[in-house]
Amino acid sequence: MSAAPRAYRSVLYIPASNERAMEKVKSLPVDAIIFDLEDAVAVDAKVDARAGLGDVLATGVFGGRMKIVRINGFDTEWGEADAKAVAAMNCDAVLLPKVETTAQLDALAAITGDMPIWAMMETPRGMLNAAELAAHPKLTGFVMGTNDLAKDLNTRFRPDRLPMMAGLGLCLLAAKAEGVVIVDGVYNAFKDGEGLLVECDQGRDMGFDGKTLIHPAQVEIANRAFAPTEEEIDLARRQIAAFEDAEAAGKGVAVVDGKIVENLHVATARDILAKADAIASQGE
């Protein structure tokens, strides 16, 4: 299922129980917000957080940002009630943690109806079933849960994330095959801008649409890393123009900057311009 054209460069987690954070995010140039009812909310605050989030979302104060609500899993005492509440909330998608089977997605869809579903991909079994999950008719987005994945894999932290490449790659292949959004996992050292940029660049090079974030200080770096550069936009426009001129002259290829331009390059160029337009329309 293809998502509507829009940017997902920065996807910021906000605890649904933190009123100050929800007020702060209104002024941040994030593309999407994950309002978290799961890990970021204490056990004794979950019910109140759920009710309060519904009230806040009803006000429509978050503008054009994508609004995603992460619920608790159905294996908890809050999951089903979360799903029922989210079905009536003014949000764009519901995010289910630790998704491993399509049966989990079916159970959620039975409650949330036509609301798009996003899946947290954070377990080895989830990685192995990524293709089947991405093909689910209600599934429109993957969120990589790299902290939980690292725990289950018993990996050590490496800046190149080599131990995670198999899992990340499986999810990327599945997402691209089905045309669903896929955003990279969080970078825990929120004060380490240089390290975040390295991981953002790696994720962008791999094909992720954006990055999940845990702190407002990370937003500008992610927005910059996952946006087309001026050079990329200029090249895309020149490639399209050159190819259209070549076609008009009865040729199947064009040459730009000494390099062949074919149909596939033009398709990529059009995607770059579409992303730039989406960013502009979202106000950043």
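Values reported hereafter were calculated over all heavy atoms of this structure, with side chains retained and with hydrogens, waters and symmetry mates removed. Just so it is clear, the model here is predicted, and its values are computed rather than measured.
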Does any part of the side chain of [Y], heavy atoms only, come nearer than 4.5 Å to the side chain of [X], both counted from C-beta?
X	Y	result
Arg125	Asn129	yes
Met206	Leu172	yes
Ile71	Leu95	no
Leu273	Ile233	yes
Leu168	Phe208	yes
His136	Asp106	yes
Val11	Ile34	yes
Leu213	Tyr13	no

**Message:** By the definition side-chain contact (heavy atoms from CB on, under 4.5 Å), identify the one residue from Ile33, Asp31, Leu28 that meets it with Ser10.
**Reply:**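 The residue from Ile33, Asp31, Leu28 that satisfies side-chain contact (heavy atoms from CB on, under 4.5 Å) with Ser10 turns out to be Asp31.
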I need the minimum non-hydrogen distance between [X] and [Y], along with the two atoms involved.
X	Y	value
Gly167	Met144	O-CE, 4.5 Å
Val256	Arg238	CG1-NH1, 3.5 Å
Thr212	Val183	CG2-CG2, 3.9 Å
Ala242	Ala254	O-CB, 3.5 Å
Pro29	Val219	O-CG1, 3.9 Å
Asn90	Gly60	ND2-CA, 4.0 Å

Joint cluster assignment, [X] & [Y], ILVMFWY side-chain distance < 4.5 Å:
X	Y	result
Ile214	Val143	yes
Val99	Leu173	no
Trp78	Leu96	no
Val253	Val261	no
Phe226	Val198	no

**Asked** Which other residues belong to the hydrophobic cluster containing Ile221, where Ile, Leu, Val, Met, Phe, Trp and Tyr are joined when side-chain heavy atoms lie under 4.5 Å apart, directly or via other members?
**Response**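 Traced through the cluster, Ile221 reaches Tyr187, Leu196, Leu197.
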In Å, rounded to the nearest 0.5 Å, how long is the span from [atom1] of [X] to [atom2] of [Y]?
X	Y	atom1	atom2	result
Asp92	Ile68	CG	CD1	7.5 Å
Glu23	Ile14	CD	CD1	11.5 Å
Ile240	Leu235	CD1	CG	9.5 Å
Arg6	Ser281	CZ	OG	8.0 Å
Asp152	Asn147	CG	CG	11.5 Å

Crowding at [atom1], [X] (>12 non-hydrogen neighbours, <6.0 Å):
X	atom1	result
Lys84	NZ	no
Glu19	CD	no
Glu80	CD	no

Below 3.5 Å, can you tabulate the donor-acceptor pairs from side chains in residues 42-55 to any protein atom, sequence neighbours excluded?
{"residue": "Lys46", "atom": "NZ", "partner": "Leu37", "partner atom": "O", "Å": "3.0"}
{"residue": "Lys46", "atom": "NZ", "partner": "Glu38", "partner atom": "O", "Å": "2.8"}
{"residue": "Lys46", "atom": "NZ", "partner": "Val41", "partner atom": "O", "Å": "3.2"}
{"residue": "Lys46", "atom": "NZ", "partner": "Asn72", "partner atom": "OD1", "Å": "3.0"}
{"residue": "Arg50", "atom": "NE", "partner": "Asp82", "partner atom": "OD1", "Å": "2.7"}
{"residue": "Arg50", "atom": "NH2", "partner": "Asp82", "partner atom": "OD1", "Å": "3.1"}

Let me have the donor-acceptor pairs involving side chains of residues 110-124, under 3.5 Å, with sequence neighbours excluded, atom names and distances please.
{"residue": "Thr112", "atom": "OG1", "partner": "Leu108", "partner atom": "O", "Å": "3.0"}
{"residue": "Trp118", "atom": "NE1", "partner": "Thr140", "partner atom": "OG1", "Å": "3.0"}
{"residue": "Glu122", "atom": "OE2", "partner": "Lys98", "partner atom": "N", "Å": "2.7"}
{"residue": "Thr123", "atom": "OG1", "partner": "Glu100", "partner atom": "OE2", "Å": "2.8"}
{"residue": "Thr123", "atom": "OG1", "partner": "Gly126", "partner atom": "N", "Å": "3.0"}

**Request:** Could you list the residues that satisfy side chain to side chain donor-acceptor pair (under 3.5 Å) with Gln239, not counting sequence neighbours?
**Result:**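 Testing Gln239 for side chain to side chain donor-acceptor pair (under 3.5 Å), a comparison that skips the adjacent residues, returns none.
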**Message:** Please check this pair: side chain of Gln104 against backbone of Thr101, looking for a donor-acceptor N/O pair closer than 3.5 Å.
**Reply:**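 A pair under 3.5 Å: yes.
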**Message:** Looking at Ala222, is its backbone amide N or carbonyl O close enough to the side chain of Arg204 to form a donor-acceptor pair, meaning the two atoms are under 3.5 Å apart?
**Reply:**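 The answer is no, because no donor-acceptor pair under 3.5 Å joins these two groups.
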Note: [X]-[Y] ion pair, threshold 4.0 Å (strictly below):
X	Y	value
Asp257	Lys259	no
Asp271	Lys275	no
Asp184	Arg161	yes
Asp209	Lys176	yes
Lys251	Glu247	no

**Prompt:** Under the ring-ring contact (aromatic ring centres under 6.0 Å, His included) rule, what pairs show up with a residue in residues 19-77, not counting sequence neighbours?
**Reply:**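 Output for this query lists Phe35-Phe62.
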**Request:** Sequence neighbours left out, what pairs pass ring-ring contact (aromatic ring centres under 6.0 Å, His included) with at least one residue falling in residues 232-270?
**Result:**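 Matches after skipping sequence neighbours: none remain.
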**Request:** Kindly determine whether Glu244 and Arg237 satisfy salt bridge (charged side-chain N to carboxylate O under 4.0 Å, His left out), including the steps that lead there.
**Result:** CA-CA 11 Å; Glu244 290 176 346; Arg237 288 172 174 155; over 6 Å; no
**Asked** Between Lys151 and Asp148, is a side-chain contact (heavy atoms from CB on, under 4.5 Å) present by the stated rule, with each step listed?
**Response** CA-CA 5 Å; Lys151 174 183 68 68; Asp148 279 272; 3.9 Å; yes
**Message:** Checking Lys211 against Glu199 for the side-chain contact (heavy atoms from CB on, under 4.5 Å) test, could you report, in this order, the C-alpha distance in whole Å, the side-chain angles of both residues, the deciding distance, and whether it holds?
**Reply:** CA-CA 9 Å; Lys211 193 158 186 67; Glu199 198 164 286; 3.0 Å; yes
